[in-house]
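Notes to accompany the following structure.
The structure presented is a predicted model; accordingly, all values stated were derived computationally and were not measured.
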Amino acid sequence: MVGATAPTSSIKQPRSLPSVDLMCAATRWYANNLQSNYPTPSPPSAAMHVSIKRSARSLTKEGVAPGPVEQVLRKADDFLASGRLAVAECLYQTVLATEPKHPQANYQLGRLAVLQGQVHSALPYFAAAKQFGKNGVPPAKDSNKLARLFKERRLPDAKNLATSLTRNFPGHGPSWHMLGLVSEAQGDLDAALAAMQTAVHLSATDPQLHANLGRMLMALGRLNEAEASYHQALTLKPGDVHAHINLGNLQHELSRFADAEASYQRALSIDPNNGLAHSNLGRTAHAQGRFKEAEPNFRRAVQCLPDNASLLSNLLFCQCLNGLMDADALFAAHREFSTKFEVPLRRLWPQHTNPHVPDRRLKIGFVSGDLRNHAAAFFIEPMFEALATDASLNLFAYANHPQADAVTQRLRRLVPQWQPVFALGDRALADTIRADGIDILVDLSGHSAHNRMLSFAHKPAPLQVGWMGYPGTTGLQALDYYLGDRFLLPPGKYDHLFTEKLVRLPAYAAFKPQADAPPVNDLPALHQGYVTFGSFNRPNKISREVIALWSAVLRAVPSAHMVLGGFPPEGQYNTVLAAFADEGIARERLHFHQKTNMRAYLELHHQVDICLDTFPYNGGITTMHALWMGVPTLTLAGHTVGGRMGAGIQGHVALGGFVAEDAAAFVQQGLHWAQQGPALASLRAGLRERFSGSALGQPALAGAGLVRALRLMWQRYCAGLPAASFEVRAHEMPGAK
């Protein structure tokens with residue numbers, strides 16, 4: 001299809017053709033000429049004409065017979081649309097051999113170069129297309145129409161018009177800019193990047209283009225290039241608030257927190273009431289465990305932009321982690337989110353027409369920003385594997401993150417219906433889910449990053465369920481259930497802190513250990529002569545209060561050392577060192593390790609006897625990994641879901657002796673276990689077997705429990721009954737050990 005832009009990741013590799021080999025020399029010859037100062041290529045030599053004629057003859061095998069130029073162009077366009085780039089290039093070059101000034105052939109060769117990431121090579125083709133085709137700029141009415149279509153989010157129409165304008169006016173940078181923005185809004189980041197790169201090269205002094213190019217590069221994970229684009233934008237326009245904010249976001253992504261804070265502060269010096277800058281300043285403090293500093297910034301952001309739901313979600317997530325609010329106040333704060341953003345939408349809730357057939361095959365949808373290399377995926381993947389084998393379910397996934405990786409690809413193979421939705425608005429996503437006929441929609445993000453709470457607030461599915469990814473209630477009436485288990489949420493103790501009804505599974509999720517995990521070693525303390533405590537939690541969970549409690553344990557066991565993993569390079573954890581020093585813990589007792597690959601991370605457990613948990617937001621996946629490596633985790637049980645993760649995990653493996661109810665008990669139990677070398681050694685040797693025998697270690701059992709729960713929810717719905725709490729017990733499931 002002429003003018004269609006496809007992401008490079010979807011391009012098919014052409015078959016090896018004689019014509020391709022013959023045309024390589026021709027292509028190189030044209031490229032050399034086009035990189036000179038000639039306005040158009042010089043005529044090819046007689047030998048080159050012979051090569052091109054041979055190419056044309058061999059192309060007849062592909063169904064391309066010699067004929068009029070327009071016929072050859074149509075065939076070339078067909079090959080381009082199907083991803084046969086080398087064959088298409090041969091045909092376009094054949095046209096240029098006869099008509100070097102042909103605007104369409106020049107234009108399409110420029111597009112081919114852009115698609116293959118060779119933007120500089122594309123520009124001379126575009127220049128030739130501009131010179132010999134339609135000159136100047138598009139009519140104002142067309143540019144205005146394109147801007148209007150984009151503003152109204154009529155993206156397919158906007159894409160068609162933008163493509164037409166770039167084809168007819170290939171030297172017009174603003175049209176390429178709009179094509180890039182429209183492609184980005186449709187989620188086609190590769191096409192967006194190609195268009196934006198062309199716009200930047202055509203209008204190199206426009207700071208907005210450099211800033212937008214940086215944003216797209218960042219979304220694709222090309223951070224070094226993105227940073228260069230942001231700096232160029234700021235060189236051209238030092239007062240660009242959004243460029244400062246986006247540069248700060250990139251620096252945050254690279255864990256350069258001091259640089260990120262400086263960028264956000266520069267943005268605030270220009271616009272003191274910029275809510276995004278305040279929120280991101282809070283996010284950076286939050287990432288370093290400075291929760292008391294983070295919360296005021298999040299509050300200020302909400303004051304600046306009270307109608308921005310994402311900023312209020314950021315505040316709620318911070319409050320879940322910082323432990324400054326009691327459980328009732330935290331629940332009330334989440335209900336305020338509903339009052340502000342959900343209540344106005346309730347009158348628009350649809351009348352669902354899903355067939356009320358209790359035992360039919362169900363469409364189950366999952367919405368998440370973490371379907372990628374993320375800690376949550378360690379829980380998501382084994383559960384998806386279990387669900388994928390159940391013929392009673394038809395699985396859908398709505399992936400709300402621009403980046404995809406190897407984990408994403410593995411998950412995609414498990415879910416037949418997969419759609420990237422990060423470019424869709426909240427209402428558009430809700431409409432998509434409803435059009436798909438989803439029966440039960442499952443949220444895997446809550447108020448954490450990349451959530452779609454407002455889409456859930458539109459109630460696009462008859463039943464909606466919260467599950468992992470967020471440590472507590474969403475506060476929304478639109479969610480009917482929340483999935484947990486009796487160890488995480490003991491019956492009767494936490495029901496009043498949820499708008500959702502609690503459903504207790506055999507295990508709220510399952511964990512699948514690394515297939516190449518190193519073996520469990522002997523207890524290190526037996527040959528080192530001292531106990532080594534450890535933590536592999538994210539640095540932002542390690543607050544001053546956490547360090548104070550850990551230090552109390554280290555003082556109680558004066559010979560003990562501590563391993564801390566997952567840290568940024570040296571010099572970026574001075575705050576943590578200073579906090580330990582304030583508690584009287586010498587530097588030589590602390591051993592920091594940078595974030596590393598999975599194998600090396602697991603091997604670090606060979607140095608650790610006992611892990612110490614964070615609070616009020618416990619570890620989850622880190623505690624699971626530690627158990628598999630034979631290392632129990634001493635945890636402080638809290639009064640929220642996030643504060644009970646550790647207690648819930650230890651409950652599954654019958655390690656109640658590693659659950660402390662208060663700080664004094666935490667220190668006492670740390671001292672006790674430090675003196676129990678033989679018992680620790682025996683426990684270490686048998687932890688894998690113990691874990692494998694628990695519901696957490698049995699994905700098939702946990703998955704069967706979830707399937708049963710979903711069916712019971714649906715049967716209640718079909719019977720006209722309201723949502724109600726219930727429990728699915730392990731002994732009711734087939735395959736339990």
Salt bridge flag under 4.0 Å for residues [X] and [Y]:
| X | Y | answer |
| --- | --- | --- |
| Arg290 | Glu295 | no |
| Arg410 | Glu381 | yes |
| Glu545 | Lys292 | yes |

Could you measure the distance from the [atom1] atom of [X] to the [atom2] atom of [Y]? Nearest 0.5 Å is fine.
| X | Y | atom1 | atom2 | answer |
| --- | --- | --- | --- | --- |
| His286 | Gln288 | NE2 | CD | 11.5 Å |
| Leu395 | Leu411 | CG | CG | 11.5 Å |
| Ile649 | Thr635 | CD1 | OG1 | 8.0 Å |
| Arg544 | Phe291 | CZ | CZ | 14.0 Å |
| Leu523 | Asp609 | CG | CG | 4.5 Å |
| Thr622 | Tyr601 | OG1 | OH | 5.5 Å |

If we only count heavy atoms from C-beta on, is the [X] to [Y] side-chain gap below 4.5 Å?
| X | Y | result |
| --- | --- | --- |
| Ile380 | Met468 | yes |
| Asp443 | Val465 | no |
| Met216 | Gln197 | no |
| Phe536 | Cys611 | yes |
| Phe580 | Ser551 | yes |
| Leu444 | Asp370 | no |
| Leu505 | Leu483 | yes |
| His244 | Tyr264 | no |

>> Applying ring-ring contact (aromatic ring centres under 6.0 Å, His included) to Trp673 and Phe658, what does each step give before you reach the verdict?
In response: CA-CA 9 Å; Trp673 285 110; Phe658 287 86; 4.3 Å; yes
> Do the side chain of His606 and the main chain of Pro519 share a donor and acceptor less than 3.5 angstrom apart?
Replying inline: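 Yes: the side chain of His606 pairs with the backbone of Pro519.
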> When you measure from the side chain of Arg599 to the backbone N and O of Asp516, does any donor-acceptor pair fall under 3.5 Å?
Replying inline: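 It does hold such a pair.
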>> On a heavy-atom basis, which atom in Thr614 and which in Gly619 lie closest, and how many Å separate them?
In response: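 Nearest heavy atoms, Thr614 then Gly619: OG1-N, 3.9 Å.
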>> If you compare all heavy atoms of Ala243 against all heavy atoms of Leu234, which two are closest, and at what distance to 0.1 Å?
In response: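 For Ala243 versus Leu234, the nearest heavy atoms are CB-CD2, 3.6 Å.
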> Hey, mind stepping through Tyr482 and Leu489 against side chain to side chain contact (heavy atoms under 4.5 Å, CB included) and telling me if it holds?
Replying inline: CA-CA 11 Å; Tyr482 184 91; Leu489 297 170; 4.1 Å; yes
>> Run His652 and Phe691 through ring-ring contact (aromatic ring centres under 6.0 Å, His included) and show every step you take.
In response: CA-CA 8 Å; His652 274 284; Phe691 182 82; 9.1 Å; no
Side chains of [X] and [Y] only: does a donor on one sit below 3.5 Å from an acceptor on the other?
| X | Y | value |
| --- | --- | --- |
| Ser279 | Asn314 | yes |
| Thr633 | Asp613 | no |
| His561 | His591 | yes |
| Gln698 | Ser692 | no |
| Asn246 | Arg215 | no |
| Ser448 | Asn451 | no |
| Arg684 | Asn521 | yes |

> Does the pair Phe615 and Ser543 meet the rule for a side chain to side chain contact (heavy atoms under 4.5 Å, CB included), with working shown?
Replying inline: CA-CA 9 Å; Phe615 68 90; Ser543 64; 5.7 Å; no
> Among Phe366, Tyr398, Trp418, which one satisfies side chain to side chain contact (heavy atoms under 4.5 Å, CB included) with Leu371?
Replying inline: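 In the set Phe366, Tyr398, Trp418, the residue that makes a side chain to side chain contact (heavy atoms under 4.5 Å, CB included) with Leu371 is Trp418.
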>> Between Phe422 and His450, is the ring-ring contact (aromatic ring centres under 6.0 Å, His included) condition met? List the steps.
In response: CA-CA 8 Å; Phe422 62 89; His450 307 288; 9.4 Å; no
>> Would Glu227 and Arg256 count as a side chain to side chain contact (heavy atoms under 4.5 Å, CB included) here? Give the steps.
In response: CA-CA 12 Å; Glu227 184 167 15; Arg256 289 161 42 192; 2.8 Å; yes
>> Assess the residue pair Phe378 and His374 against the criterion (ring-ring contact (aromatic ring centres under 6.0 Å, His included)); give the C-alpha distance rounded to whole Å, side-chain angles, the decisive distance to 0.1 Å, and a yes or no.
In response: CA-CA 8 Å; Phe378 281 99; His374 185 278; 9.6 Å; no
